[in-house]
Every structure is written in C-alpha cells, then in structure tokens.
Amino acid sequence: MPEAPQDDGPVGSLPPEHRAVLHRWAEEGGPLATRARVVLLAAEGLRDAEISRRLGVSRQTAGTWRQRWTSAGIDGLGHRPRTGRPATVDEAEVVTRTLLAPGGSGASRAVARELGLSHATVAGIRRRWRLSPDETPAPSVPTRPPLPSGEVWVMGLYVDPRRAVLLTGTGRGVPRQSAAGTVLGADVLAGLDRAVEAALTAATARGAEGDDSPSYGLAEYLAEAGRSHPDLGLHAITLWDAAGGSGTLQQAPSDGTVTRHQIPARSTWRTFLRAMIALDSTSHPESSRRVYLDLAAELERYATARPDAPCTAVRWLRENVAGLPGTDRRPESTAGSQSWSGVNQIDLGSFNECVVIETVRLSGTITRGEIAHRTGLTQQSVSRIARSLLDRGILIEDAQRRATSGKPRTPVRLCGTAAHALGIHIDPEVLTAVVIDLDGAIVRTRTRPVTADIDPAEFVERVAALGRETLAEARGSVREDGFLGIGVAVPGPVDIASGTVLGPPLMSAWGDLPLLYLLQDHFPCPVLMEKDSTAAAAGERWIGRDRRARDFAYLYLGTGVGTGLYLNGDLYRGISANAGEFGQLCAIALGRVAKDGRPEILPECNPPVSVPELAVRGGMRPVPAAPGRTSGSTAAYLAVGEAAAAGDPAAAAAVREVAQAVGRGALGMVDLLDIDLIVLGGPFFTEDVAGFYLDEIARTVNAFPTARRLRRVAVEPSVLSAEAAAVGAASTIFHATFTPRLRGRESRTRHLPAR
C-alpha cells in the first residue's frame, strides 16, 4: 500500500473508468458527491486550501479524502461504519461470539466491546434467540419461518453448484435440560470455514463447466434424511441459492417430512452456519468436535475430487443424535423402592479427604499416625478427617494394636460395604454387568449374549435392562445412599466427549451411536464411559492396592489388543481419551507396513481370530463351530488354549507366535514410556495360555530394550477376574470419586450429572 503524501499536492492522473464513476457520484449528490469532487479537483492540481474554499468544506475534510484516495483508491471513498457503531448488525455473528466466548452467559458486555455494539443491542439479540440465562432451555432460531421451539441439532449439509442447504433437526416434545456442552475450539471453526470455502469454489467451478442438470440429488438427500431420522422434525434452511428464492427447494419432499426455511433477515449465510454449529455444540454434549471434523473432511473430499469423479454434491448427513426412538421413555424401576439416584452422603469435597482414603486403601489397615507420616498432613488434620469418614461409614476401626508406650493404637480400614458401583462391559459377543463394593468384591454379576446385527434402539434397551436386573438382584447388599453410579466399558476408539463408540469391531450396526447419553436416559445416576483397556487399568489400580501403587501398562487381550496406562498417579487417557491403541505400535515394531505407508492391521492383535487360524495352519484339527458362531469365536480360541496347555505342538506354537508379536509391541511401549511393570489381563488371557504370554513378553521386554541395564521389567498377571473390563468400569466410578487429583477431576465428571 503506497504511503499517503506528506503535502497536499496533486493526486495524479485518474483512470478513465474511475473518472466516470467519480463524475457520476458528483452528479447524484449525497455523501459520496463531496468525496468525488475533492478527488476530481485534486486531480486538476488544486491544493487542499483551494478545494475547501470551492466546496465549502474544512481543509481537514479535503485532506482526509485526498489521502483515502491515495492509499486505497476508489474503495477508500466508500461508506465506512462509524467507529463502535456498525451500520448493520449481524445477529448470527453476535450469537456465535456469545455462545463460544469464555464465561458463557456472562459474556454479553465482552461481546459488545469486541464487536463495537452496545450492551443493549447484544442483550436484545440474546432475548430474540432465547439465549439469556432466564429463558427456557430451548433456544429460538428466527429463520423465516421460525424453527419450532425445542432442541435443535445440526443434522446435515448439502452443497451443489447451485445451492447450499443446512439440515437441522428439532426434538419433539418437552425440551430436556441440556448438560454442559462441548465448546468447539477456534481451530475447528477455522477448519470448517476453509473447508466450506474450498467446497464452494469447487462447486462453482463444476457449475461453470456446463452441467445444467435440473437436480443434483437434493430431493433424494432430504428423503434419505427423513427415513434415517423419523424421530426428529427436519428443516431444510437455504444458505444460498444461485437460482433465486422461489426455486430454492423445489426438489424437496412435499409430504411434510422436511419443512423449508430461509436464513434470518439480519444474518449472512456464513455467520448463520457458524451460529448453528455453535448452538448445537454448546447445547448438546453428543455434538462434539468429532461431528464437525467429520463435516470438514466431507467438504474437503468434495473439494479435492477429480473433475471426472462422480461427485456432484456434498451430501453430509449426520448419523445419530441422542433422540432416537424410545430413548425419551423412562423405564419403571425394577429395583423396588430404590431409585439408585447416586452419591449423597459420600460426596467428597476435600482433597485431603481423598488423600487419606487413598492412603488407607493402599495400605489395607493403617493407624492415624502412619497416615500423617505418609501424607505429610498434621496429626490434628488426620484425626479430624478420619473422624468425619468414620461417622459417614467410609472408614471403620480395626482391632487395636499394642504399643511399646502409651495407649494402644487403633488402625482404620475402608468399609467395603460403604459404597458400590455398577460396571457394564460391552463386547461384540456378550454383555457383562457386575456390582462391586469398595474392596473390589463382586456382589452380583450377570451376562447376556448379543449379536452383531442388533438394532441400535434394541441394543440400548438390552444394555439398560441388564443393568437394571443386576441392580435389582444386588438390592439387599447395596445401600441406596452408597450407590455411586455406573461405569461402561466399550471397545475403542471412543469419543468420550460425545459418549460415542466409533466403529466398534464386529458391531457396525451401532457404530457412531451416542451410547452414553442414551443410557443416561435410563438411569437417574452418574454414568461414565471408558475404553475397555483403560477401564481395566483403573480396576487394576483400585483393586491391586499396594501391588499396583506405581506406573504400569495394562495389556488387555480382548477382541483386539489394547493398552490401559496408569502414569504419574492417574489414568493417562490422552487428548481424545484414546491413548493406548496398541495395534499400530505393534505393526511398526514388526515392520508390517502397507504399500501406502499405513501400518497394517495385524491379525496377531486379534487373538480370538488369529490363534485358531494359526493352529489350524500348523496342523491342528479345526474346532467345530458352535451354531451361529465362526471358527474365530471365543469357543474356538478357548479350545486351542486347552490344547496348548495339554501339550499340542500346533496349538502351543500358535499361541506363542501371537505372544511374540504382542511382545514386540510391548517392547516399543517400554522404551517409549520407561516403565517397569506390565500387567496382562482381559477375557482372552485365560489360565491355559497365561504362561505362554507371560514368558514371551517378559523375555522380549527385558532382552531388547535400550535401557535394559537400568531396569528390570516385571510382567505379571492381572489381579482382576475374567470380568476385568466390567470390574474396571465400576472402578472408574470409585476412581473419579475418591482418587486425589489436583487437576482434571472436576472436568472429568462435571458433564455427567445425576439425571
């Protein structure tokens, strides 16, 4: 940009097209006329003083418009909003800034300052959209016509060379009180902006290539949406349309399945799209970063598709929300008069209380003096905390110990029956539910088979029914005021923020199901979800007491091999709660990489499939499959394990080959984390094959690490039973309630209120 002149000399020659525009402005009158005349006179060589005299304006005005022309050309003469008071207010921009600003409902003044608006203007917009704290839980979206009152989700986006349509869904019935949502990061919104821009550029280019087909598939897209989400009211909102208003949604269904809307009059389509995404993400925990990362990926695929590819439109359709049929019905409790409403008297408000409980738990029995010595707390603090915990029944006194001097000392220990939790493990073949107490003792356990093709709604009901039945059977052993909640262990990867299992192995029918929030509709108590391997590590730490009071990795042998990590005194989940995905690490360690550079999916990391296949390949007679089961089922794996333990060479070689592959992955993990304890467990770490896995993995992780001279890695069997994941899932409730953590404890549980 050229610098403004230091004097008021001539502005130079005017291009003919600009001179014509300036003469037109001068003839039309209005505010632009004075600016145009200033520039025209300056072009004739007049100085500011002469211009101000001829036009009757101040010398400062003449100098300002001369400099605007010099620095910005004809655009610099256009209208500019007054500082702090925009000429027009984009309501959607205000809504987006309000929803995503730190501080939530208290950010109106900050938003007003940032956008140069009055606080009253921002407050008025918030009232119109029903975003004020005193408004109803459901917002009001002032489209034309307005969306019906109720919960609003972003359900899809359609973009073709002529139009863009945002598909939203509204819940039918009474809106529920929304939990604290997941606030999208600026990186996600920025990525979406770039992806939308790239998709629009690609769509425009494809439209310019002469494709004048009357339909790019909008009617089929909306019809598919109606079939996929019959429980929601669907609304197609036109973001932009090159054909003009009346023809915007002529291809939409006319049977009332999808209603048609225009964006609000005081918004642009770009800001409205951002506002709807912000509204969805902050109102619904199931609308996580993943949902909008998926949308951005779909837009990018369209933008980068080859011109000859059959990709005429973006047809992104969200698969599930927590409003599936039947999930709004609360089943009647089968547990008698007990509501299982969650923790009341055991709610711990003190970090030091958690420190004391953790010390007692690790020790088994311990005196108050020993607690003070180990924790660094004063004797008075320990006595006060212990007295409070004794009064609430969390601790009980044990038999007195004789002292060499003074009065006998009375140790304390955890009261196992003071608290209970329910754990549910979801496996491709079987559902397992257990109720355990604070000591990890199993009070009640139940299992129920499940098939891979089960309907999602039926699947959720079956999981909930299993939990209710297990609680009902445990009724006589569990105090209602000591029931803390429910932990659910699922195969990874899992989106903890939205409570969604992503592509579960062998159960594609309920992939991307917001399972956590659907289950919360069935239980009036806190519900946590964890990856099965992480849950197993939590159970190992809790029940293992002092034997697991250090860093360790839990190798979970299930339908796939996963890892649960306990590091620096807490579970390590990673940024997306998916730490411990073991398969790719194992593939890299073995040098098994596909042609495109992607680590292979190793069959050895799926023991129930690989072990029977390797055994048959080695000469073992195939195990007859049970009705409805494949040769890679649990039954086949167990049969090979029995044969290996009995000395069958083919079976033993098969188990040992898988153990060696897992050991190579464990070697990389040991070198990466510098740990000295690996725990083996899971449903396929059975007694028959335990020796093979322990021997092979222990040999590998101690013979080959870089720092092998500095440490000896212990490889030990889990202290948990065959129900390791279910017990671990229940233990996550204890872990969240009692484990002392300076950071992360509140953020881990605040989005899981009792419902």
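As a basis for the values below, the full set of heavy atoms in this structure was taken, side chains included, without hydrogen atoms, waters or symmetry mates. In this text the structure is predicted, and so the values were computed from the model without any measurement.
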Inset, instruction - Give a yes or no on whether a salt bridge exists between Lys531 and Glu581, defined as a side-chain N under 4.0 angstrom from a carboxylate O. - result: yes

Inset, instruction - Determine, step by step, whether Val165 and Tyr221 satisfy the side chain to side chain contact (heavy atoms under 4.5 Å, CB included) criterion, reporting the C-alpha distance in whole Å, the side-chain angles of both residues, the deciding distance to 0.1 Å, and the verdict. - result: CA-CA 11 Å; Val165 175; Tyr221 169 79; 5.9 Å; no

Legend entry - Side chain to side chain, Arg266 and Val89, heavy atoms closer than 4.5 Å: no

Legend entry - Separation of Asp48 CG from Arg66 CZ (nearest 0.5 Å): 4.0 Å

Inset, instruction - Over 60° means perpendicular and under 30° means parallel, so classify the ring planes of His261 and His235, tilted if in between. - result: perpendicular

Inset, instruction - Please step through side chain to side chain contact (heavy atoms under 4.5 Å, CB included) for the pair Thr312 and Asp160, ending with a clear verdict. - result: CA-CA 6 Å; Thr312 58; Asp160 68 23; over 6 Å; no

Inset, instruction - Could you tell me the separation between the CD atom of Glu44 and the CD atom of Glu50, rounded to the nearest 0.5 Å? - result: 10.5 Å

Inset, instruction - Show your reasoning for whether side chain to side chain contact (heavy atoms under 4.5 Å, CB included) applies to Thr121 and Val94. - result: CA-CA 9 Å; Thr121 299; Val94 173; over 6 Å; no

Legend entry - Polar side-chain atom of Tyr302 near backbone of Leu200 as donor-acceptor pair, under 3.5 Å: no

Inset, instruction - List the atom of Ala275, the atom of Ala92, and the distance in Å for their closest heavy-atom pair. - result: CB-O, 3.6 Å

Legend entry - Least distance between heavy atoms, Leu317 atom then Ser228 atom: CD2-OG, 4.1 Å

Legend entry - Spacing of OG1 belonging to Thr34 relative to CD1 belonging to Ile51, to within rounding of 0.5 Å: 12.0 Å

Legend entry - Sub-4.5 Å side-chain heavy-atom contact between Val38 and Arg68: no

Legend entry - Separation of Arg290 CZ from Thr500 OG1 (nearest 0.5 Å): 4.5 Å

Inset, instruction - Measure across Ala203 and Pro161 and return the closest heavy-atom pair with its distance rounded to 0.1 Å. - result: O-CB, 3.3 Å

Legend entry - Asn578 side chain near Val494 side chain, heavy-atom distance below 4.5 Å: yes

Legend entry - Centroid-centroid distance, Trp153 to His229, less than 6.0 Å: no

Legend entry - Inter-residue atom distance Leu157.CG - Leu239.CG, 0.5 Å rounding: 6.5 Å

Inset, instruction - Please test Arg227 against Glu224 for salt bridge (charged side-chain N to carboxylate O under 4.0 Å, His left out), starting from the C-alpha separation and ending with a verdict. - result: CA-CA 5 Å; Arg227 291 190 298 268; Glu224 180 187 354; 5.4 Å; no

Legend entry - Side chain to side chain, Leu167 and Val258, heavy atoms closer than 4.5 Å: yes

Legend entry - Min side-chain heavy-atom separation Val141-Phe272 under 4.5 Å: yes

Inset, instruction - Answer whether the closest heavy-atom distance between the side chains of Asp241 and Trp269 falls below 4.5 Å. - result: no

Legend entry - Minimum-distance pair of heavy atoms, taken over all atoms of Ala296 and Ala195: O-CB, 3.7 Å

Inset, instruction - Give the minimum heavy-atom separation between Ser52 and Val57, together with the two atoms involved. - result: CB-O, 2.9 Å

Inset, instruction - Fit a plane to each ring of His18 and Trp69, take the angle between them on a 0 to 90° scale, and name the class: parallel (under 30°), tilted (30 to 60°) or perpendicular (over 60°). - result: perpendicular

Legend entry - Met276 vs Thr143 side-chain heavy atoms within contact, under 4.5 Å: no

Inset, instruction - Examine distances only and state if a side-chain atom of Arg318 and a backbone atom of Val154 form a donor-acceptor pair shorter than 3.5 Å. - result: yes

Inset, instruction - To the nearest 0.5 angstrom, please state how far the OG1 atom of Thr168 sits from the CG atom of Leu279. - result: 10.0 Å

Legend entry - Salt-bridge contact Arg274-Asp193 (side-chain N to carboxylate O under 4.0 Å): yes

Legend entry - Side-chain heavy atoms of Thr271 within contact of Thr96, under 4.5 Å: no

Inset, instruction - Check for a donor-acceptor pair, side chain of Ser281 on one end and backbone N or O of Ile277 on the other, with a separation under 3.5 Å. - result: yes

Inset, instruction - List the atom of Leu99, the atom of Ala278, and the distance in Å for their closest heavy-atom pair. - result: CD1-C, 3.7 Å

Inset, instruction - List the steps and the verdict of side chain to side chain contact (heavy atoms under 4.5 Å, CB included) for Glu197 and Arg270. - result: CA-CA 10 Å; Glu197 192 64 41; Arg270 293 178 186 274; 2.8 Å; yes

Legend entry - Under 3.5 Å donor-acceptor, Tyr158 side chain and Leu218 backbone: yes

